[in-house]
Amino acid sequence: MRRYNPKEIEPKWQQVWAESGIYKTDMSRTADKFYVIPMLPYPSGDLHIGHWYNFGPTDTVARFRRMLGNNVLTTIGFDAFGLPAENAAIKRGIQPAKWTYSNIDSMKRQIAQIGASYDWDHTLATCQPDFYRWNQWLFLRLYEKGLAYRAKRVVNWCPKDQTVLANEQVVGEDNVCERCGTPVIQKELEQWFFKITDYAERLLDDLETVEWPQKVKTMQVNWIGKSQGALIKFRVPDTRHQIEVFTTRPDTIYGATYMVLAPEHPLVKVITTDECRPRVEQYIEETSHKTELERKEGEKHKTGSFTGAYVLNPATKEKIPIWIADYVLFSYGTGAIMAVPAHDQRDYEFAKKFNLPIKQVIMPCEDDSTNPPKEEFEEVERPTVIVHLLDKSTGKYALLDWHESLEGITTAVMGGIEKGQTPEQAALNEIKEEASIKDAKITKKLAWVTGARYCASHKQQNRKAVAYGLVAEVENLDNQAEIAASEKKLHTLVWVDKKEVLDRLTPEHQKLVWNQLWDETSLDDEGELIDSGKYTGLSSAEARDKIVADLAKEDVAKEQVNYKLRDWLISRQRYWGTPIPIIYCEKCGIRPVPEADLPVILPEDVEFELSGQSPLTHRPDFVNTSCPECGGPAKRETDTMDTFVDSSWYFLRYLDAKNDKAPFDTDLINRWMPMDHYIGGIEHAILHLLYARFVTKFLHDNYGLDFEEPFKKLTNQGIILGPDGQKMSKSRGNVVNPDEQVNSYGADSLRLYLMFMGPYEQGGPYDMSGIAGSRRFLDRLWVLVGEFLEAEGPNNSKDLEIAATTHKAIKKVSRDLGQLGFNTAIAAMMSLVNELYKIKAETGISQSTGWRFALETLTQLLAPFAPHITEEIWESLGHDSSIHISNWPLWDDKLVAEEVITLAVQVNGKVRSEIVVAADITEEDAIAAAKSDEKIATQIAGRPVKKAIYVPGRLVSLVI
RNA sequence: GGGGAUGUGGUGAAAUUGGUAUACACGCUAGCCUUAGGAGCUAGUGGGGCAACCCGUGUAGGUUCGAGUCCUAUCAUCCCCACCA
């Protein structure tokens, strides 16, 4: 018998497949099309285990669908533009183009080892002119519609290298250039943008229509960051300036005690008074140099500066000061906020630090769940004190356990504030009444009032308590008098340790007061308005609408939806990317390159100057051109496009990769899209997938695509970690080299192991000895087939049993594979092999129909996972066409069904025995059989069975 | 601070979605194959107990005839976003 030698059969079949073209897709057959691809890889020149984990299982899905009868298209290409090629060029003096193409060649060779069923007629590399010319085409279409525009934006700039730096190239705590160590500055440059924000709402809404992991959808929702609120104008008195703010809480406007502008806000320069100007300018200077780290630090320690100017609060008509602070972001909303320190944590911290006024306008007010108001009673508002009394000699606090109708309720000392009383007086009074202590002193009063609704049943009314929280202290209890009998009847006074108080208090409101006493924070939740003019008493929700509507009448407010999503900055001051097809003419200004002149070719022989600037700027033959409008001298845009532009539509180009008249044939695209299954890493959850969705929607609106979402179904594979459970990295020395694994075990074993090691979306550490198990499984199958081929005799007494076992495996594998349950599907095939070995041990192996059926079927089930060995076995079993275009086996439920089944028998919920019964047993018979089982009979021991439950096919449960 | 995920043998994991917990694999143990093997085959492998049995899915409660699965609280680990007004 031949030994299983993957080194021999894998290259052999890869060549056979390439020559026979069995994976070439007939693009005209679309009724049962299935389009599945892995995400576009970057050609780093080295195929790592993560690529295998992406490409292998994706190919398994493709092969499974192909065997099911779908017309499958799967292919791969290269995301070939980008910074690493330029870095290589600078470091090693190789042309980026040459470096990239050579990487693509070596990656193609490595990819071939996987044995994937790619149709290479559909591949592409984004750095080829016949691809990127259509990037330029896309740019022109967007430009035409006003969705590509130019605006200023600050960038990281290295003054020495005269170049723009990506965020990742700014390193160190002091923000220096990665290359030369010069401190990086912020510089404003004209940049090109795509107006993705126009699509924000649709990008949000249509997420509901796709079959994606919830996690990715949530990430996109958060990224788009929709919030509903209002724009409100604040007038600067004695000037014609107005400052607009965005707020989601117009209901808190009466509490807006100051305003904050972002340091970059254009009005800062205008409104700042001469007196404050030096300090303000210094602050702006400081914040522009802040590092990420310092800015994060700012979450704890707010900084800012007063401008000396004021605005009018349109609700209160009061003058409030204008500050600048970097906790307000220029890029969000209007770059200005109304600060409501009582009801926003950030404003609160700022106000505390700079001693700005804090005014409460929202009162939390909820029903007391321990004593809720009753519908039939009227509501009466009642000012209340909640006072926590500390006995300093013991460190314990006083609590009241209430009796009678309030049984089970525990509160602090509390009571109403009578007319003319201050909260402090009322508190001391209650201490006197309820605790009989006369020498207590008030030591703390809570800044907020808090409300709660409860039922005062003895007065036949509901009460809205508006509570002042206080702390009082008493030196010791030497002077405590006997508590009056009338009070004792109502409640018992208990003294408890500080840490127990919260656990003992029962009404939510009491807990809130206690917590606020020790850790006072702003009240960010909604509630009831207080101290807000005519809106006092309304709920936040009611007030929000009314206030905006009223201010809108004066034209100072309007409802507004705001998004965190920014427009897509596509300019890169880089060489190795798609040239932006724009020409600057001295006379005519900005002119797009006419479509007929595309592509604007990126020169591939360039010199990298020491200056660090894009080599394009030093290429007169590229830069100098003539104006398409007037024919006069003009200059080309030397910026290139973000590589995310390439990946935002490459999957459309795959389908029609050789079209030289158009980016793609729209009819063809409409028949093949949306993509049925897209598989790749979660790292692209936001940008790539969002941009692809945006471009698809744009093409839907403007270029005849009849679908709005590109990817029907998305799967994120997990991350393969090193054997030590850490992320693989060269410095850690835990990188698993797939070539070595293939060399030792074969590509089929590697593919199989990667899919067997755990749930696909989970990933996990690569176990160097785990792959041996996958190889062993393939070996065992190989041996079994070998023995079958050499066996004698046509019939086998176990044929029926073999058939039943095989049908069960078909069912399990088919179902699991359908939901990407690779690991359990493989386990089922391993089980089948184990079963076959058992049967072989019992009755031997023979050339029976049962054995042939089992081995052929098993090989087919395995084919999508391990394409080479299964093809070899298939051939040895006498087939002359590829297993990969054979029909996926079907199971027969009749054969899967067991004739006799084993039922578990539970007594009082515990399994006590098992009974073997006919599969179609009735409930009655099953219960009777269970009762008569020997072990069960002793368990029951003559006691009456109160209840008997039969779960068909599973168990009988007896309750005695 | 906000959002999400995950806790099951020595290890990776499974459990038909509320029905016999630990399938499958790694590792380990023993035996077999007369060659010292990164080979193969067979058997065993959650913990405790001589046993009948008892215990067991991070922890503590709850619902249920029955809970890894549902509910409440709690602990731990990981990931993402993060001053978004």
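The Thr824(A) side chain lies nearest to A15(B) when the options are G19(B), C24(B), A15(B). Minimum atom distance to the side chain of Asn834(A) is reached by C24(B), of the listed C55(B), C26(B), C24(B). The Trp223(A) side chain lies nearest to A82(B) when the options are A85(B), A13(B), A82(B). Across C65(B), C79(B), C83(B), the shortest atom-to-atom separation from the side chain of Val959(A) is found for C65(B). Minimum atom distance to the side chain of Tyr837(A) is reached by U42(B), of the listed G3(B), U42(B), C65(B). Nearest to the side chain of Asn823(A), among C41(B), A13(B), C65(B), sits A13(B). Checking G19(B), G12(B), C83(B) against every side-chain atom of Lys302(A), the shortest atom distance belongs to C83(B). Listed nucleotides G19(B), C26(B), C55(B) differ in distance to Asp767(A); the shortest reach to its side chain belongs to C26(B). Which of A85(B), C83(B), C24(B) sits closest to the side chain of Phe246(A) comes down to A85(B). Closest contact between the side chain of Ser831(A) and the listed nucleotides C24(B), G38(B), A13(B) involves C24(B).
Rounded to an integer number of Å, the gap from Asp779(A) CG to G40(B) C1' is 10 Å.
For the OP1/OP2 pair of G40(B) and a distance below 4.0 Å, the side-chain nitrogens and oxygens of Arg780(A) include no atom meeting the criterion. The side chain of Arg776(A) contributes an N or O atom lying less than 4.0 Å from OP1 or OP2 of G40(B). Proximity of Arg912(A) to the phosphate of G66(B): no side-chain N or O atom is located under 4.0 Å from OP1 or OP2. Look at Ser227(A) and you'll find a side-chain N or O under 4.0 angstrom from OP1 or OP2 of A85(B). At the phosphate of G4(B), neither OP1 nor OP2 sits under 4.0 Å from any side-chain N or O atom of Lys215(A).
Note that CG of Leu895(A) and OG1 of Thr806(A) are 9.5 Å apart. Values are rounded to the nearest 0.5 Å.
A ring-centre distance under 6.0 Å is found for Phe350(A) and Tyr258(A). Taking the ring centroids of Phe756(A) and Phe865(A), they lie at or beyond the 6.0 Å cut-off.
In this structure, the side chain of Glu211(A) does not engage the main chain of Leu714(A) through any donor-acceptor pair within 3.5 Å.
Within 4.0 Å (heavy atoms only), Val260(A) reaches no atom of the nucleic acid at all. Here Pro759(A) lies in heavy-atom contact (under 4.0 Å) with sugar-phosphate atoms only.
Base orientation for U22(B): anti, the chi torsion being more than 90° from 0. Base orientation for G9(B): syn, the chi torsion being within 90° of 0.
Heavy-atom minimum distance, Ile253(A) versus Phe234(A): CD1-CZ, 4.3 Å.
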